[in-house]
2 protein chains.
Amino acid sequence: MPKVGMEPVRRKALVDAAMRVIGDHGSLTVTMSEIAKQAGVSPALAHHYFGSKEQLLIETVRVHLQRLRDGVVTALQAAKTPREKLSAVIRVSFQADQFAPETIAAWLAFYAEAQRSEETRRFLVIYARRLHSNLVANLKALCPAGDAGRIAEGAAAMIDGLYIRQGLRSAPISTEASIALTEDYLTTHLNALKG
Amino acid sequence: MPKVGMEPVRRKALVDAAMRVIGDHGSLTVTMSEIAKQAGVSPALAHHYFGSKEQLLIETVRVHLQRLRDGVVTALQAAKTPREKLSAVIRVSFQADQFAPETIAAWLAFYAEAQRSEETRRFLVIYARRLHSNLVANLKALCPAGDAGRIAEGAAAMIDGLYIRQGLRSAPISTEASIALTEDYLTTHLNALKG
DNA sequence: TATTTTTGATTGACTGATCAATCAATAAAA
DNA sequence: TTTTATTGATTGATCAGTCAATCAAAAATA
């Protein structure tokens with residue numbers, strides 16, 4: 001089988017496998033063996049390409065946040081008005097694949113990991129800031145700058161909160177209901193400013 | 001040293017030690033040795049009283065959620081009107097000891113653990129439901145029942161979201177600002193209904 | 001074209017460290 | 001003497017990480 005140019009293929013397979021295994025497992029305490037098996041290679045190969053388990057996990061966060069970002073960029077381009085762009089940001093946050101239980105479980109595990117791994121934390125902070133600034137940028141077209149910051153803070157918190165509550169599966173909220181709650185938050189607060 | 005009646009003392013010491021170690025470590029992958037050391041006893045004694053690491057961790061969640069609950073009950077009793085009770089619930093959620101980085105780190109770790117441990121999940125679900133029902137009960141005195149459920153959902157999500165965003169320490173929000181954001185959410189939405 | 005060399009891909013087997021859990025032994029109360 | 005508290009020593013399992021060896025494609029050479 002040894003063909004040349006396998007590296008990118010294997011890296012992708014391992015990163016995808018890691019996300020899947022972590023999601024199923026609901027934790028970062030997964031073994032390199034499990035990940036490698038899921039990717040269809042030997043544990044030794046995973047070490048060969050990533051050097052360490054920690055590096056593989058960090059790559060996994062990085063790659064998946066990058067994909068998330070691409071989704072947001074596409075959605076923003078498709079939207080015309082500031083209000084539509086706000087809706088687009090919300091919609092992408094709750095889109096199906098992100099809202100799957102395993103995906104939520106994986107992100108939760110990474111959030112916890114951010115308390116320990118500075119690099120993981122950095123990536124998640126970048127994501128959080130981007131969400132915030134996407135919201136602020138479009139809110140500024142609809143209300144004073146000061147209020148924009150405050151409302152964005154609230155909306156971002158609500159999105160994250162709905163997300164982790166979904167992870168608990170206590171009172172599962174549908175995607176639509178989550179979107180509606182966040183939309184309602186924005187609409188109500190924007191209206192309140194107009195008096 | 002062997003005195004009789006040490007069991008409750010040791011159990012408490014171990015549960016407290018576990019919370020501290022988990023908080024510092026930012027993860028549940030802590031050793032029984034670390035916890036025992038922090039509690040000033042041998043690892044063997046921790047096993048003697050709790051049987052297993054998992055049991056100790058579950059007890060730790062249970063005890064700390066119980067304390068949280070006691071705090072809420074006290075605060076609710078001190079408040080008179082429904083609106084004051086709503087504020088009390090919010091205030092307790094963000095009170096200093098709960099908002100300390102190590103505490104947030106520990107809760108985050110438990111949230112992640114809930115994906116794996118059914119018992120941990122059960123406790124956290126109970127907490128989430130209680131928060132929701134405390135909010136609904138008092139909102140019902142201020143608005144129609146249907147709206148009460150919706151607003152409570154939003155407020156609970158916002159509280160949890162502010163909490164985990166605080167854990168990321170990306171753009172640290174003060175306790176007061178967090179409370180203000182949540183209060184603002186309630187006030188604005190209640191006003192919108194009267195409008 | 002045929003042959004040799006080099007290089008990337010891959011793994012099985014192994015190592016060292018870590019850790020949860022056990023247990024037999026000790027010491028002090030009751 | 002019986003019971004409770006306590007620990008040091010040990011065991012068994014798990015895992016990350018290493019390494020030497022293999023295999024086949026590609027490149028170089030004849």
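Reminder, nothing fancy here: chain letters follow the sequence lines and each chain counts from 1.
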Using whole Å, report how far [atom1] of [X] lies from [atom2] of [N].
{"X": "B:R11", "N": "D:dT4", "atom1": "CZ", "atom2": "P", "result": "15 Å"}
{"X": "A:L45", "N": "C:dT11", "atom1": "CG", "atom2": "P", "result": "6 Å"}
{"X": "B:E7", "N": "D:dA5", "atom1": "CD", "atom2": "C1'", "result": "10 Å"}
{"X": "A:F50", "N": "C:dA9", "atom1": "CZ", "atom2": "C1'", "result": "15 Å"}
{"X": "B:K37", "N": "D:dT7", "atom1": "NZ", "atom2": "P", "result": "14 Å"}
{"X": "B:L14", "N": "D:dA5", "atom1": "CG", "atom2": "C1'", "result": "13 Å"}

Please enumerate all protein N or O atoms sitting under 3.5 Å from an N or O of nucleotides 15-22 of chain C, with distances to 0.1 Å.
residue	atom	partner	partner atom	Å
C:dA20	OP1	B:V30	O	3.4
C:dA20	OP1	B:K53	NZ	3.1
C:dA20	OP2	B:M32	N	3.0
C:dA21	OP2	B:H47	NE2	3.0
C:dA21	OP2	B:K53	N	2.8

Subject >> side-chain contact (heavy atoms from CB on, under 4.5 Å) partners of B:S52, counting only residues at least two apart >> reply: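 side-chain contact (heavy atoms from CB on, under 4.5 Å) check on B:S52 returns B:E54, B:Q55.
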**OP:** Kindly write out the residues that satisfy side-chain contact (heavy atoms from CB on, under 4.5 Å) with A:E183, not counting sequence neighbours, or none if the list is empty.
**Re:**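 Once residues adjacent in sequence are excluded, the partners of A:E183 under the side-chain contact (heavy atoms from CB on, under 4.5 Å) criterion are A:R83, A:S87, A:I90, A:I179.
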Subject >> Distance below 4.0 Å between A:R10 side-chain N/O and C:dG8 OP1 or OP2 >> reply: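 Looking at the OP1 and OP2 atoms of C:dG8, neither is under 4.0 Å from any side-chain N or O of A:R10.
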**OP:** Provide the full list of salt bridge (Lys or Arg N to Asp or Glu O under 4.0 Å) pairs with a residue in residues 126-144 of chain A, sequence neighbours left out, each pair given once.
**Re:**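 Not a single pair qualifies under salt bridge (Lys or Arg N to Asp or Glu O under 4.0 Å).
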Original post:
Could you give all pairs that pass the salt bridge (Lys or Arg N to Asp or Glu O under 4.0 Å) test and reach residues 154-177 of chain A, with sequence neighbours left out?
Top reply: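 Listed by first then second residue: A:D160-B:R165, A:R165-B:D160.
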**OP:** Looking only at non-hydrogen atoms, find the nearest pair between A:L181 and A:M158 and report the distance.
**Re:**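 Closest approach of A:L181 to A:M158, heavy atoms only: O-SD, 3.9 Å.
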Give every donor-acceptor pair under 3.5 Å between a side-chain atom in residues 11-18 of chain A and any protein atom, sequence neighbours left out.
residue	atom	partner	partner atom	Å
A:R11	NH1	A:E7	OE2	3.1
A:R11	NH1	A:Y49	O	3.1
A:K12	NZ	A:D16	OD2	2.8
A:D16	OD1	A:R67	NH1	3.2
A:D16	OD1	A:R67	NH2	3.0

Subject >> Sugar-phosphate only, base, or nothing, as touched by A:Y49 at under 4.0 Å among non-hydrogen atoms >> reply: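 Sugar-phosphate contact only.
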